[in-house]
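Here the structure comes first, spelled out in structure tokens, and everything after it is commentary.
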Amino acid sequence: MTHILCMGGGGFSQSPDNAATALDRYALELTGKDNPLVCFAPTASADDPQYIHRFLTAFGSLGVQTMVLTLWEDARHALERFGDIDLLYVGGGSTVNLVALWDAHGVSQAVRDLRAERDVVFAGVSAGANVWCEGCTTDSFGGIDAWRGGLGFVRGSFSPHFDSEAERAPQFLSWVREGELPVGWAADDGAALHVLDGKVQACVAERDAAKVYRVDRHGITAQQMTRL
């Protein structure tokens, strides 16, 4: 089984006290293990040390095993334990740079192999959610742009930060209507789309107002939410 959790925002990345949040715990629960090995991939943020510290602080307090996939230094060593992970949690930043570096260093293929070989959970926030889809809205180029890329494990496109960046909603809908992006999903900060083996299982949120939306050529439709 392959669980994928596409988060529009939220999680420990936006936690004011560097603590794990309800979405982070939900991702852990999907592994079905008491002591899972959680790998954080900060590639989209250029392996930002402060971001890594936030992850280690948040997940270290939960009593799970942690590791960090760093590609800017010693990429080969970073992939040695990759086949043992239970949860791959991908951080935010530049989606385009994330995919380019993963392709160059063999991470994209390692992720595909992991998905084919064993049960695993893939989760991510913002760029870390975009990477699982076929297309997305991204600020990788300096503004908000449409981009067709990603691993395509989730059919369609994705737009994060749907409630916190006002331009995302009208531009995403326009791109879908024009066919520049395939129909897809959007999520507010604090909300996430949960997909299991390619099928949508739930739309979950760690705050009351946060929602997930279906976006197609007819418009934007809010989904039924499960509050964590």
Side-chain angles (χ1 to χ4, degrees), residues 3-32 36 38 40 44-45 51 54-55 57-64 87-93 95 121-133 136-139 144 153-176 181 183-196 199-216 218-228:
H3 292 276
I4 300 177
L5 190 66
C6 294
M7 302 161 55
F12 77 91
S13 297
Q14 295 182 334
S15 174
D17 55 359
N18 290 353
T21 69
L23 282 175
D24 299 326
R25 291 185 173 86
Y26 184 80
L28 285 175
E29 289 172 2
L30 294 178
T31 69
V38 182
F40 178 53
S45 65
Y51 204 0
R54 288 176 68 92
F55 163 74
T57 299
F59 279 80
S61 66
L62 300 179
V64 301
L87 166 60
L88 176 60
Y89 193 123
V90 186
T95 305
V121 178
F122 297 136
V125 57
S126 191
N130 287 343
V131 70
W132 309 118
C133 303
C136 63
T137 67
T138 177
D139 58 6
I144 303 297
F153 296 168
V154 177
R155 292 186 61 185
S157 54
F158 186 78
S159 183
H161 307 306
F162 217 56
D163 61 339
S164 59
E165 298 179 6
E167 65 271 30
R168 294 262 184 180
Q171 290 188 343
F172 188 34
L173 178 57
S174 176
W175 288 324
V176 169
L181 286 175
V183 300
W185 304 90
D188 293 338
D189 291 349
L193 175 73
H194 173 200
V195 177
L196 172 61
K199 297 182 179 180
V200 174
Q201 293 297 295
C203 297
V204 297
E206 60 185 15
R207 60 183 182 87
D208 290 336
K211 294 187 180 300
V212 171
Y213 309 87
R214 180 65 171 169
V215 181
D216 59 25
H218 302 291
I220 300 171
T221 306
Q223 302 298 292
Q224 182 175 351
M225 302 301 298
T226 298
R227 180 67 160 85
L228 300 177

Check whether any side-chain heavy atom of H161 lies under 4.5 Å from a side-chain heavy atom of D189, and answer yes or no. yes

Which heavy atom of A58 sits nearest a heavy atom of A19, and at what distance? CB-C, 3.9 Å

Start with the C-alpha gap between C6 and C133, add the side-chain angles, then the distance that decides, and say whether side chain to side chain contact (heavy atoms under 4.5 Å, CB included) holds. CA-CA 9 Å; C6 294; C133 303; 4.1 Å; yes

Rounded to the nearest 0.5 Å, the NE2 atom of H3 sits from the OH atom of Y26 at a distance of 8.5 Å

Interatomic distance, L30 atom CG to H194 atom NE2 [nearest 0.5 angstrom]: 4.5 Å

Quick one: closest heavy-atom pair of A186 and V215, and the distance? CB-CG2, 4.2 Å

Please report the shortest heavy-atom distance between L28 and P36, naming the atom on each side. CD2-CG, 4.0 Å

Tell me, do T221 and Y213 make a side-chain contact under 4.5 Å, heavy atoms counted? no

What about the rings of W185 and F158, do their centers lie closer together than 6.0 Å? no

Could you report the tightest heavy-atom contact between S126 and G92, atom names first, then the distance? CB-CA, 4.3 Å

Could you check whether any side-chain heavy atom of N18 comes within less than 4.5 Å of a side-chain heavy atom of F12, counting everything from C-beta outward? no

Distance, nearest 0.5 Å, that separates CD1 of I4 from CG of L196: 9.0 Å

Between V204 and M225, is there a side-chain heavy-atom distance shorter than 4.5 Å? no

Would you call the rings of F55 and F40 parallel, tilted or perpendicular, where under 30° means parallel and over 60° means perpendicular? parallel

Could you check D163 against R168 for side chain to side chain contact (heavy atoms under 4.5 Å, CB included), going step by step and ending with a plain yes or no? CA-CA 8 Å; D163 61 339; R168 294 262 184 180; over 6 Å; no

Using side-chain heavy atoms (C-beta onward) and a distance below 4.5 Å, is Y51 in contact with S13? yes

In Å, rounded to the nearest 0.5 Å, how long is the span from CZ of R155 to NZ of K199? 11.5 Å

Interatomic distance, L173 atom CG to L181 atom CG [nearest 0.5 angstrom]: 11.0 Å

Is V195 close to W132 at the side-chain level, that is, under 4.5 Å between some pair of heavy atoms? no

Parallel, tilted or perpendicular: which one describes the rings of F59 and Y89, with boundaries at 30° and 60°? perpendicular

Is there a side chain to side chain contact (heavy atoms under 4.5 Å, CB included) between E165 and I144 once you walk through the steps? CA-CA 10 Å; E165 298 179 6; I144 303 297; 3.8 Å; yes

Counting N and O atoms only, with roles assigned by atom type, does the side chain of D24 sit under 3.5 Å from a partner on the main chain of A27, one being a donor and the other an acceptor? no

Approximate separation, where rounding is to 0.5 Å, of E206 CD and S15 OG: 8.5 Å

T21 and G11: which non-hydrogen atoms are nearest, and at how many Å? OG1-CA, 3.1 Å

Where do C203 and L193 come nearest, in terms of heavy atoms and distance? SG-CD1, 4.1 Å

L5 side chain reached by V121 side chain, heavy atoms, under 4.5 Å: no

Does atom CZ of R207 have more than 12 heavy-atom neighbours from other groups under 6.0 Å away? yes

Is F172 close to S157 at the side-chain level, that is, under 4.5 Å between some pair of heavy atoms? yes

I'd like to know whether F162 forms a side chain to side chain contact (heavy atoms under 4.5 Å, CB included) with V212, so could you lay out the CA-CA distance, the side-chain angles of the two residues, the decisive distance to 0.1 Å, and finally the verdict. CA-CA 9 Å; F162 217 56; V212 171; over 6 Å; no

Taking R214 for the side chain and Q223 for the main chain, is one N or O donor matched with an acceptor at less than 3.5 Å? no

